[in-house]
Trainee: 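What follows is a single structure, and I will ask about it in a moment.
Atoms considered below: every heavy atom in the structure, side chains included; atoms not considered: hydrogens, waters and symmetry mates.
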Amino acid sequence: MKNQRWLRKVRISVALLFFSGFIIIFSDVTAKLPWELTVSFTYFQLIPSFIRFINVGGVLATGFIIILFITFLSGRVYCSVFCPLGIMQDILAFLRRKIPFLSKMKLRFKKPLNILRYSILALFIISLFFTGIISVNLLDPYANFGRIASNLYQPFFIAANNILSKILMAVGISSIQPIIQKIFYPLPFLFGLTIFLLISVMVFFRYRLFCNSICPVGAILGLVSKVSFLKIRINSNSCTRCGNCQVVCKTNCINIKNLTIDESRCVSCFNCITSCNDESIGYKNTWRSFGAKSLETTSSSKRDFIKAGLLFFAVQPIFANTNDDHDYEKGSKGRFCQRGPISPPGSLNIEHLKDYCVGCQLCISVCPSKVLQPAFLEYGFIGMMLPRMNNKTGFCNYECTRCGEVCPTGAITALTKEQKETVQIGKVYFKQNLCIVESEGTACGSCSEHCPTQAVHMVPYKNELTIPEINPDICVGCGACEYACPVEDPHVAIWVIPNKVHEKAQKPQIQEQVETGEIEDFPF
């Protein structure tokens, strides 16, 4: 058999490229990276791509088709090369081998937990009829990696950046600017930490247990890989049963006793090929016989392929989820009194966001003003960890379209700057008796100064003071007025009430301000 050790090197190189790309895009807290770079990586994520295909269609939504074709051609390469959570598990496995008591634990063939794996897949599909996309949020590997990166890695990155910035500024170098971490939310952090710890425990004791027993993407691709063109095969004529391949198989799918490989669990990492001194294991075309003894042929290939297709496309009912009519103006009291949660511009409405968002939190990571924050129960239980507008932490920049550009599913549709300037996610509401101009007799005007459309503007009041006046028709609901209001919690004087369905704001009339009075001569 020809030497195929180069396959593992290529796989590792491409995997590191993809993983580095994901680390970079989740580090883009100032939204400076071109959106095309982000899309080029999220394009290859199976579930988000499929959701985007159903939601908005287009060329950018065809990544899942390519992944299925690659799987049909070469097995579960996706899990070792394109999936960031899969690559993260490989990195954890590498670190595991550096721990003395764990490195002594030899990997052996283990029977597949098919009852668990396909039960979870069945529940994953069935639950879509009743709970919508919540099952996708909890089980999709890309979404789980996003929550880990957004809530664990990004705070660490910001802290490291600020420490380095401080050191460089001490010696007169200002090339790295500090990044402000506005508010720390413990719940999203604990959520991401819990996922990371659960994945780590699985890796340390069973390597790819999550991928082959829990992950629905792994189960779907495993069914497709049963009929793949290229598979790992053992040549029984030259194999000495040394077991080297079995002890490096991170999916526990090589049975050296029977010289068989469970291709539904094999993720094409090629570790076995590198470990074989006799070159008795290789990546071969299995549509023709190879060796005297190998895994069963594809006699049931048509049946397996049909099952894979039915299981995958059965997730389509998720997108027929009914919309409940909620009264979003009856929300919690306090800073957000008399209103419900506000969904990001481009999400159309809360139900659309809940139907299509997988909760990867990439939009939250790249939001330059940090107005987007993970929801807890603001959208209800099935909307946990989805992005929501939090005007306490920031406000939506008038011309920013970053969240729609990076969204991999189309839950937040991409808007042009011209479209964004008239999308009305909510309307301003002003309670005059809470304003410090009236309650304290103090001049202010912060809300008007921050309003990009002048939906909030100052008018004469009394004692030569001015007080805010609002025009909700031209308000876009950006929350700048609420963020700037100096009235302390629990009651701000001005806030945004969400639109149940996003509307189009009227364009503000730009008026030239003519300055009256004499203009002093320039003193020079």
Trainee: Atom CD1 in I148, atom CD in Q154: separation rounded to 0.5 Å?
Mentor: 14.0 Å
Trainee: Ignoring hydrogens, what is the shortest heavy-atom contact between P345 and C396? Give both atom names and the distance.
Mentor: CG-SG, 3.9 Å
Trainee: Passes side-chain contact (heavy atoms from CB on, under 4.5 Å), V371 versus C367? Steps please.
Mentor: CA-CA 7 Å; V371 66; C367 179; 3.8 Å; yes
Trainee: Rounded to the nearest 0.5 Å, how far does CG of N144 lie from CD1 of I199?
Mentor: 6.5 Å
Trainee: Report yes if some heavy atom in the side chain of R206 is under 4.5 Å from a heavy atom in the side chain of K110; otherwise report no.
Mentor: yes
Trainee: With a 4.5 Å cut-off on side-chain heavy atoms, are V366 and T38 touching?
Mentor: no
Trainee: Side chains of Q361 and L372, heavy atoms from C-beta outward: is any pair under 4.5 Å?
Mentor: no
Trainee: Does the side chain of Y78 come under 3.5 Å of the side chain of S268 through a donor N or O and an acceptor N or O?
Mentor: no
Trainee: Can you find a pair of side-chain heavy atoms, one from S74 and one from V77, that are under 4.5 Å apart?
Mentor: yes
Trainee: Could you tell me whether the side chain of S80 and the main chain of V267 form a donor-acceptor pair under 3.5 Å?
Mentor: yes
Trainee: Give a yes or no on this: more than 12 heavy atoms of other residues, nucleotides or ligands lie within 6.0 Å of atom CZ of F229.
Mentor: yes
Trainee: Is Q246 reaching over with its side chain to a backbone N or O of G243, donor-acceptor style, under 3.5 angstrom?
Mentor: no
Trainee: Working to the nearest 0.5 angstrom, can you tell me the gap between C83 SG and Q89 CD?
Mentor: 7.5 Å
Trainee: Quick check: closest heavy atoms across I256 and C245, and the distance to 0.1 Å?
Mentor: CD1-SG, 3.8 Å
Trainee: Can any side-chain N or O of Q4 pair as donor or acceptor with the backbone N or O of G282 at less than 3.5 Å?
Mentor: no
Trainee: Give a yes or no answer on whether the side chain of R52 reaches the backbone of C407 with a donor-acceptor pair at less than 3.5 Å.
Mentor: yes
Trainee: Taking all non-hydrogen atoms of both residues, which atom of I87 and which atom of A15 are closest, and how far apart?
Mentor: CD1-O, 3.3 Å
Trainee: Can you tell if the side chain of K354 reaches within under 4.5 Å of the side chain of L386, non-hydrogen atoms only?
Mentor: yes
Trainee: Judged by atom type as modelled, is there a donor-acceptor pair below 3.5 Å linking the side chain of N161 to the main-chain atoms of F157?
Mentor: no
Trainee: Is there a side-chain contact between S343 and H352 in this structure, where contact means two heavy atoms from C-beta onward sitting under 4.5 Å apart?
Mentor: no
Trainee: Within this structure, what is the CD-CG distance for the pair Q373 and L187, rounded to the nearest 0.5 Å?
Mentor: 12.0 Å
Trainee: I want to check something: taking the side chain as every heavy atom from C-beta on, are N114 and R117 in contact at a cut-off of under 4.5 Å?
Mentor: yes
Trainee: Among side-chain atoms of Y356 and E351, is any donor-acceptor pair under 3.5 angstrom?
Mentor: no
Trainee: Do the side-chain N and O atoms of N258 and T260 include a donor-acceptor pair separated by under 3.5 angstrom?
Mentor: no
Trainee: Salt bridge or not between R96 and D90? Use side-chain N to carboxylate O under 4.0 Å.
Mentor: no
Trainee: What I want to check is whether the side chains of S150 and S365 have a donor and an acceptor closer together than 3.5 Å.
Mentor: yes
Trainee: I'd like to check the ring pair (Phe, Tyr, Trp, His ring centres under 6.0 Å) partners of F53; sequence neighbours left out, ordered by chain and number.
Mentor: F64
Trainee: Which heavy atom in L121 sits nearest to a heavy atom in I220, and how many Å separate them?
Mentor: CD1-CG1, 3.9 Å
Trainee: Could you go through the side-chain contact (heavy atoms from CB on, under 4.5 Å) check for V39 and E36 one step at a time?
Mentor: CA-CA 5 Å; V39 171; E36 293 88 352; 5.7 Å; no
Trainee: Hey, does the side chain of S225 reach the backbone of E263 with a donor-acceptor pair shorter than 3.5 angstrom?
Mentor: yes
Trainee: With a 3.5 Å distance limit and no angle check, can you tell me whether T413 reaches the backbone of G346 through a side-chain donor-acceptor pair?
Mentor: yes
Trainee: Under a 4.0 Å threshold between the charged nitrogen and the carboxylate oxygen, would E378 count as salt-bridged to R388?
Mentor: yes
Trainee: At what distance, to the nearest 0.5 angstrom, does CZ of F82 lie from CZ of F22?
Mentor: 10.5 Å
Trainee: I need the minimum non-hydrogen distance between N285 and L230, along with the two atoms involved.
Mentor: N-CD2, 3.8 Å
Trainee: So which atom in L362 and which in Y142 form the shortest heavy-atom distance, rounded to 0.1 Å?
Mentor: CD2-OH, 3.7 Å
Trainee: Is the closest side-chain donor-acceptor distance between R8 and N271 under 3.5 Å?
Mentor: yes
Trainee: Does a side chain donor of either S238 or D278 reach within less than 3.5 Å of an acceptor in the other side chain?
Mentor: no
Trainee: Show your reasoning for whether side-chain contact (heavy atoms from CB on, under 4.5 Å) applies to V406 and F41.
Mentor: CA-CA 10 Å; V406 303; F41 286 95; over 6 Å; no
Trainee: What verdict does the side-chain contact (heavy atoms from CB on, under 4.5 Å) test give for F19 and F145, after you've listed the backbone C-alpha separation in whole Å, the side-chain angles of each residue and the deciding distance to 0.1 Å?
Mentor: CA-CA 11 Å; F19 191 76; F145 174 81; 3.6 Å; yes
Trainee: Between F196 and Y153, is the gap from one ring center to the other below 6.0 Å?
Mentor: no
Trainee: Ignoring hydrogens and angles, tell me if any N or O in the side chain of N397 forms a donor-acceptor pair with the backbone of E399 under 3.5 Å.
Mentor: no
Trainee: So do F191 and N151 actually touch side chain to side chain, heavy atoms under 4.5 Å?
Mentor: no
Trainee: Keeping R76 on the side-chain end and L221 on the backbone end, is there a donor-acceptor pair under 3.5 Å?
Mentor: no
Trainee: With a 6.0 Å cut-off (strictly less than), is the heavy-atom count around CD1 of I115, excluding the residue itself, greater than 12?
Mentor: no
Trainee: Donor-acceptor pair, S49 side chain versus G63 backbone, under 3.5 Å?
Mentor: yes
Trainee: Starting at CD1 of I195, measure out to CG of L198 and round the result to the nearest 0.5 Å.
Mentor: 8.0 Å
